[in-house]
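Written out below as structure tokens is the structure these notes cover.
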Amino acid sequence: NGETIYLHTDMSDATIYYTTDGSAPTESSHKGNKVTIQGEPGEQVTVMAMAIAEGSEKTTSFATFTYTIMDKLSAPTSSVPDGAIFTKASAVELKAEKGRIYYTTDGTEPTTSSNLYKKSIVIEGPVTIKAMVVAEDLQQSDVSTFNYGFADQVATPVANYASGELEMGTKVTFTCETEGATIYYRTDGKDINLSRKNELEVYIEPITINQATNFKVIAVKDKMQDSNVLKVGYTVKEPV
């Protein structure tokens with residue numbers, strides 16, 4: 001739908017007249033050699049044309065061309081709604097009822113020379129995905145646009161003492177520059193897994209160090225990326 005065809009005649013200086021409704025053309029019909037084919041999907045469009053040149057006999061027959069408007073493919077969809085904000089690297093899946101999906105991630109319009117969709121697209125930062133569907137004997141789909149944001153990251157927690165030796169009874173505090181962030185920590189040497197928060201301690205008040213202790217500390221806040229993990233370790237001076 002909307003594709004342009006061009007009419008040609010081997011008669012020099014001839015003028016082409018045409019119709020697109022199947023009726024015989026006259027000198028009152030559309031004039032020119034450029035015809036835009038438009039209609040509903042599945043509809044047939046009949047172009048009839050004649051050429052008239054000054055000083056020659058008038059046309060007594062017409063050229064007839066019949067075209068069928070192709071069905072249009074549905075635009076691709078995404079597993080994540082447009083406008084979503086990601087807080088961590090995540091995958092987005094594109095789907096189409098039929099055909100091949102071509103897409104871009106730089107905001108440019110996709111073509112059949114763009115990326116061919118084969119597997120999920122990993123989102124690791126702000127991005128605009130534009131995608132279309134192409135299939136044989138069908139009009140390519142409209143372009144779908146999906147804009148995704150990426151949340152700011154929570155600041156990494158800070159300890160009031162760098163790793164090293166402390167006097168017994170020293171109090172260690174952890175702070176985070178991100179207002180409203182919650183600080184979690186563990187001291188058993190295992191990595192922090194926020195999906196198992198029951199294994200973590202919530203930092204509420206300064207922690208008294210009376211023995212060698214290694215901390216892994218993280219700060220989190222809703223709608224933000226989790227902070228990087230702070231690792232600090234302390235030993236205790238032997239009392240005299």
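Basis for what follows: all heavy atoms, side chains included, without hydrogens, waters or symmetry-related copies.
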- Working for side chain to side chain contact (heavy atoms under 4.5 Å, CB included), residues Lys34 and Thr4: CA-CA 7 Å; Lys34 184 177 173 182; Thr4 299; 3.5 Å; yes

- Message: Per the ring pair (Phe, Tyr, Trp, His ring centres under 6.0 Å) rule, what does the pair list look like for residues 114-157, sequence neighbours excluded?
- Response: Phe86-Tyr148

- Any side-chain heavy-atom pair from Thr111 and Tyr102 closer than 4.5 angstrom? no

- Query: Side chains of Phe62 and Tyr18: does their closest heavy-atom pair fall under 4.5 Å?
  - Reply: no

- Note on the structure: The salt bridge (charged side-chain N to carboxylate O under 4.0 Å, His left out) partner of Asp191 among Lys231, Arg186, Lys216, Arg196 is Lys216

- Using a 4.5 Å cut-off on heavy atoms from C-beta on, say whether the side chain of Asp13 contacts that of Met11. no

- Message: For Glu97, I'd like to know if atom CD has over 12 heavy atoms of other residues, nucleotides or ligands within 6.0 Å.
- Response: no

- Has the side chain of Glu165 got a donor or acceptor atom that lies under 3.5 Å from a matching backbone atom of Tyr234? no

- From Ile16 CD1 over to Thr9 OG1, what is the distance, rounded to the nearest 0.5 angstrom? 6.0 Å

- Checking side chain to side chain contact (heavy atoms under 4.5 Å, CB included) for the pair Glu54/Thr15: CA distance, chi angles, key distance, verdict? CA-CA 9 Å; Glu54 220 174 292; Thr15 300; over 6 Å; no

- Item | Asn198 side chain near Leu200 side chain, heavy-atom distance below 4.5 Å | no

- How about Glu199: does its CD atom have over 12 heavy atoms from other parts shown lying under 6.0 Å from it? yes

- Query: CG of Asp222: more than 12 outside heavy atoms within 6.0 angstrom?
  - Reply: no

- side-chain hydrogen bond (donor to acceptor under 3.5 Å, both in side chains) evaluation trace for Thr145 with Lys130: CA-CA 5 Å; Thr145 301; Lys130 291 194 173 186; 4.5 Å; no

- Message: Using 0.5 Å steps for rounding, measure from the CG atom of Leu194 to the OG1 atom of Thr182.
- Response: 10.5 Å

- Other residues, nucleotides, ligands: >12 heavy atoms within 6.0 Å of Asn147 CG: yes

- Query: Nearest heavy-atom pair of Val232 and Phe174: which atoms, and what distance?
  - Reply: CG2-CE2, 4.0 Å

- Message: Counting only heavy atoms from other residues, nucleotides and ligands, does the tally under 6.0 Å from CD of Glu3 exceed 12?
- Response: no

- Query: Ser144 and Ala75: which non-hydrogen atoms are nearest, and at how many Å?
  - Reply: OG-CB, 3.2 Å

- Task: Search all heavy atoms of Ala135 against all heavy atoms of Leu73 and return the closest pair with its distance.
- Result: N-CD1, 3.4 Å

- Query: Does the side chain of His30 reach to within under 4.5 Å of the side chain of Val35, using non-hydrogen atoms?
  - Reply: no

- Message: What I'd like to find out is whether the side chain of Met132 reaches to under 4.5 Å of the side chain of Val134, using heavy atoms alone.
- Response: yes

- Message: Is there a side-chain contact between Ile37 and Ile5 in this structure, where contact means two heavy atoms from C-beta onward sitting under 4.5 Å apart?
- Response: yes

- Measure the shortest side-chain to side-chain distance between Leu7 and Phe65 over non-hydrogen atoms and say whether it is less than 4.5 angstrom. yes

- Message: Taking Val154's backbone N and O only, do any of them form a donor-acceptor pair with Thr178's side chain (distance below 3.5 Å, no angle check)?
- Response: no

- Query: Are Ile192 and Tyr184 connected, step by step, through hydrophobic side chains (Ile, Leu, Val, Met, Phe, Trp, Tyr) whose heavy atoms are closer than 4.5 Å?
  - Reply: yes

